[in-house]
Each structure stands twice: as structure tokens, then as C-alpha cells.
Amino acid sequence: LAAKLDKAEQAARKGLEIVPKQAKQAGQTDEQFSEQMKAVTALFHSTIGLAALQRKDYKTGQVEFDAAIQNTPKDPWAYYRLALCYVNGQPPNHPLAIWNLARAISLKIPIEGQLRDYSKKLFIRYHGSEEGYTDVLALAAGSVSPPAGWKIVSYEEINAERSRLTVPAIFSDLKAGGDPANKMWLLVKGMEIELQGLVLSNMLDVGKETRTIALAVGEEAAAAEAANVQLAAIAPPEAKNLKKGDVVHFTGTIEAYETTPAFLLKLREGKVSLEDIPKVATKPSKPPAKPPVRKPRAGTSQIKPKGRA
């Protein structure tokens, strides 16, 4: 096998030397000639990359498959093999591996189903959850390479950053928009958060077992009675007793946010502290009614005869 790999690589490298010397054939347009040379060049780079992949020379594989992609950006196999080089390299580059797997998926590689499962597991292992995975698929579908500054935040980075977060900082950065909001969103999306707020409304979701509770978190929002948190509460059942003006502690998973017409942070899987839910007074049950006492009619005795005389 080693001898065959060497021979294939040598032939491919020699081919790369010959390509620039090729001339356009009679009747061939400049565009046709250019596309033909790109396809041949990509084939040679892929051949060298495959040899490197077999030898576990992942650094060379990265260079060669990337060169193949630059020449034929719609070859799903080149992206797949480049992803293998990134994930197996030392150190591994999981974000670029996931990106190239997403590209291969978007180009309908024959093993698309397997790659979806594999790339999703790889994303969760690196990021800590599947939050943001579909965003990567959508972004990769429209671009050969990641945009400048793009990254997938690792689970370790998220935990380190989250440990330093404060609620005012989360609200402030998300409200600000732009780069601060984008960076904060990468950190907090899918994070469970604990808050205290003033209940402004409490409604049962039609056809569901959840309640949508609007709350004002923070002194300014509470004073203005302006909802800045929307909680989809799943527990406890007693949450139905909450009314406007109640102050409660609650937890929820950050799902989305809005900035217009006003800032609103949306939480799912919400749980309200049972201790903060007002107890509903129950009316004491009435004792059973006594049967009415019948008064004897005039001229009759209250003592019944025991038998005939």
C-alpha cells in the first residue's frame, strides 16, 4: 500500500507541474479551458491529500484538500476529507471540521445522513449542547469558507465566561446590539438562568400544559411595569395562582430575545419557586345539613303504639 501511495502522489505532483504548461484546444472557450484546468488541478490535489490522509499526515491533507476545494468548490468529498484531517489533527480543529462537514451536507454528499449524525455529535461534544448547530448548517450552505471572525465557542470557554456573567451585563449587551450582542448571545443561548421578577401577567397557553408569564426584572422595569422577560412555565402546577404584583424567583433556559419594540428575553422550561407562590385560601366545607324535624300534627301522639291492643 505504501508503494502505491508514493506512486500516486508522485504522479499527481508531476501533473501539477504540467498543468500550467497546457494550451487551450481549438474551439475551446477561455471559460471552458479554465474550468477544465481547475478540475484537473483539483484531482491532483485530492490525490495527494488522500495519500496524506492514509499516512495520517493530517497537516498535508489539510493543505491539499483545501487547494482542491479552491478549484472545485462544489465537490462534497473534498470537504468531507478535509473535515477528517481537521478532526484528527494534533491538535484537532473541531470548528473547521464541523464547518466542512456542514458544507459536504449542503452539497448532498451520498452519506449525508451519516454526516448529519456525526457532525451533530461532534458539535455537541465540543460546544456542550446542540444550540447553534442548525445555524452552522445554514451558514455553511451559502459559503465555501467561514466568514471573518466566525467561531464555535467551546464548552470550556462557555463555562469559564458564564461563571463571570452578571444579569445586568447579559441584559445590557443584548440590548446594545451589534458585536456585543452577538458575543453575549453565543455565551447565553441555551443557558439556564435564575432570576427574580415582578409578575405582570399570567396566561395559560392554549392547547398546552405551559403558562406564559410576563415579568419585570430589575428595579427600573418593575417601577415602569415593563415586561422584559417572558417565561414559558412548566412547573409547578400552583403557578396558575400567580397574579399581577406577585414577586417570584424563577429559573428558565434562555431561548430567544427581541429588541423591538422593547427588549424581551424569552425563557423556556420555566420553573417558579413554590415558596413564592401565594397560597389560595380555601373555604371551609359546610357541615352536612340536618334533616328537618317534623312536628306532630294536632291531635296525634308523638309516641308510636308498639302493637294492637
Side-chain angles (χ1 to χ4, degrees), residues 31-32 34-50 52-53 58-89 91-155 157-158 173-174 177-190 255-257 259:
E31 185 179 357
Q32 289 171 338
S34 175
E35 290 302 313
Q36 182 185 22
M37 292 302 100
K38 285 181 180 180
V40 172
T41 300
L43 177 61
F44 290 148
H45 281 298
S46 288
T47 300
I48 299 170
L50 279 169
L53 189 58
Y58 301 117
K59 190 170 183 179
T60 299
Q62 291 169 17
V63 173
E64 295 301 328
F65 288 122
D66 185 64
I69 288 168
Q70 298 310 313
N71 283 278
T72 53
K74 293 186 178 180
D75 176 12
W77 290 104
Y79 291 101
Y80 167 60
R81 289 160 181 155
L82 180 56
L84 293 181
C85 290
Y86 278 127
V87 80
N88 289 295
N93 190 326
H94 290 97
L96 285 181
I98 294 164
W99 176 273
N100 283 283
L101 289 171
R103 280 293 296 165
I105 291 168
S106 72
L107 292 168
K108 304 299 180 184
I109 192 169
I111 54 172
E112 178 186 348
Q114 294 169 257
L115 289 198
R116 281 187 181 275
D117 291 340
Y118 175 58
S119 61
K120 189 173 184 178
K121 289 176 182 176
L122 190 63
F123 184 92
I124 293 171
R125 190 162 71 236
Y126 182 76
H127 183 63
S129 74
E130 65 179 85
E131 295 287 347
Y133 171 71
T134 55
D135 296 336
V136 175
L137 291 180
L139 191 60
S143 177
V144 172
S145 303
W150 176 85
K151 67 178 293 186
I152 299 173
V153 183
S154 71
Y155 180 67
E157 289 177 292
I158 290 173
D173 284 2
L174 292 179
D179 195 47
N182 293 336
K183 289 181 178 179
M184 181 59 74
W185 188 239
L186 284 173
L187 285 174
V188 302
K189 186 178 182 182
E255 181 176 42
Y257 74 99
T259 55

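- With sequence neighbours excluded, the residues satisfying salt bridge (charged side-chain N to carboxylate O under 4.0 Å, His left out) with Asp179 are Lys183.
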Dump the intermediate steps for side-chain contact (heavy atoms from CB on, under 4.5 Å) on Ile124 and Tyr155, then the final yes or no.
CA-CA 9 Å; Ile124 293 171; Tyr155 180 67; over 6 Å; no
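- Going from atom CD of Gln32 over to atom CD of Glu35 covers 9.5 Å, rounded to the nearest 0.5 Å.
- Sorted by first and then second residue, the salt bridge (Lys or Arg N to Asp or Glu O under 4.0 Å) pairs involving residues 58-71 (not counting sequence neighbours) form an empty list.
- Between the side chain of Thr72 and the backbone N or O of Lys74 there is no donor-acceptor pair closer than 3.5 Å.
- The two atoms that bring Ala52 and Gly61 nearest to each other are CB-N, 3.7 Å, heavy atoms only.
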Step by step, work out the side-chain contact (heavy atoms from CB on, under 4.5 Å) result for Thr259 and Leu174.
CA-CA 8 Å; Thr259 55; Leu174 292 179; over 6 Å; no
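- Here Arg103 pairs with Tyr79 under the side chain to side chain donor-acceptor pair (under 3.5 Å) rule; sequence neighbours left out.
- Among residues two or more places apart in sequence or in another chain, the ring pair (Phe, Tyr, Trp, His ring centres under 6.0 Å) test is passed with His45 by none.
- If you take CD1 on Ile158 and CG on Leu187, they are separated by 7.0 Å, rounding to the nearest 0.5 Å.
- Nearest heavy atoms, Ala140 versus Ser106: O-OG, 4.2 Å.
- The CG atom of Leu82 lies 10.0 Å from the CG atom of Leu53; values are rounded to the nearest 0.5 Å.
- For Ser119, the side chain to side chain donor-acceptor pair (under 3.5 Å) test picks out Tyr133, with sequence neighbours left out.
- For Thr60, the side chain to side chain donor-acceptor pair (under 3.5 Å) partners at least two apart in sequence or on another chain are Asp57.
- Remark: Gln114 pairs with no residue by the side chain to side chain donor-acceptor pair (under 3.5 Å) rule, at least two apart or across chains.
- Counting all heavy atoms, side chain and backbone alike, Pro92 lies closest to Val87 at CB-O, 3.3 Å.
- Among residues two or more places apart in sequence or in another chain, the ring pair (Phe, Tyr, Trp, His ring centres under 6.0 Å) test is passed with Tyr257 by Trp185.
- If you take CG on Leu96 and SG on Cys85, they are separated by 12.0 Å, rounding to the nearest 0.5 Å.
- Listed here is the closest heavy atom pair of Ile109 and Pro76: CB-CB, 3.7 Å.
- Judged as a salt bridge (charged side-chain N to carboxylate O under 4.0 Å, His left out), and not counting sequence neighbours, the contacts of Glu157 are Lys151.
- From Arg81, atom CZ reaches atom CG of Leu50 across 4.5 Å, with rounding to the nearest 0.5 Å.
- Sorted by first and then second residue, the pairs that involve residues 122-148 and meet salt bridge (Lys or Arg N to Asp or Glu O under 4.0 Å), not counting sequence neighbours, are Lys120-Glu130, Glu131-Arg268, Asp135-Lys189.
- When all heavy atoms are compared, the tightest approach of Ala83 to Ala97 is CB-O, 3.4 Å.
- A distance of 11.5 Å separates CZ in Phe65 from OH in Tyr58, rounded to the nearest 0.5 Å.
- Among Leu137, Leu139, Asn93, the single residue meeting the side-chain contact (heavy atoms from CB on, under 4.5 Å) criterion with Trp99 is Leu139.
- A 4.5 Å side-chain heavy-atom check between Asn100 and Tyr86 finds at least one atom pair inside the cut-off.
- Pairing each heavy atom of Pro73 with each of Leu107, the nearest pair is O-CD1, 3.9 Å.
- With sequence neighbours excluded, the residues satisfying side chain to side chain contact (heavy atoms under 4.5 Å, CB included) with Ile152 are Pro95, Ile98, Phe123, Tyr126, His127, Val136, Trp150.
- Annotation: salt bridge (charged side-chain N to carboxylate O under 4.0 Å, His left out) contacts of Arg116 (sequence neighbours excluded): Glu112.
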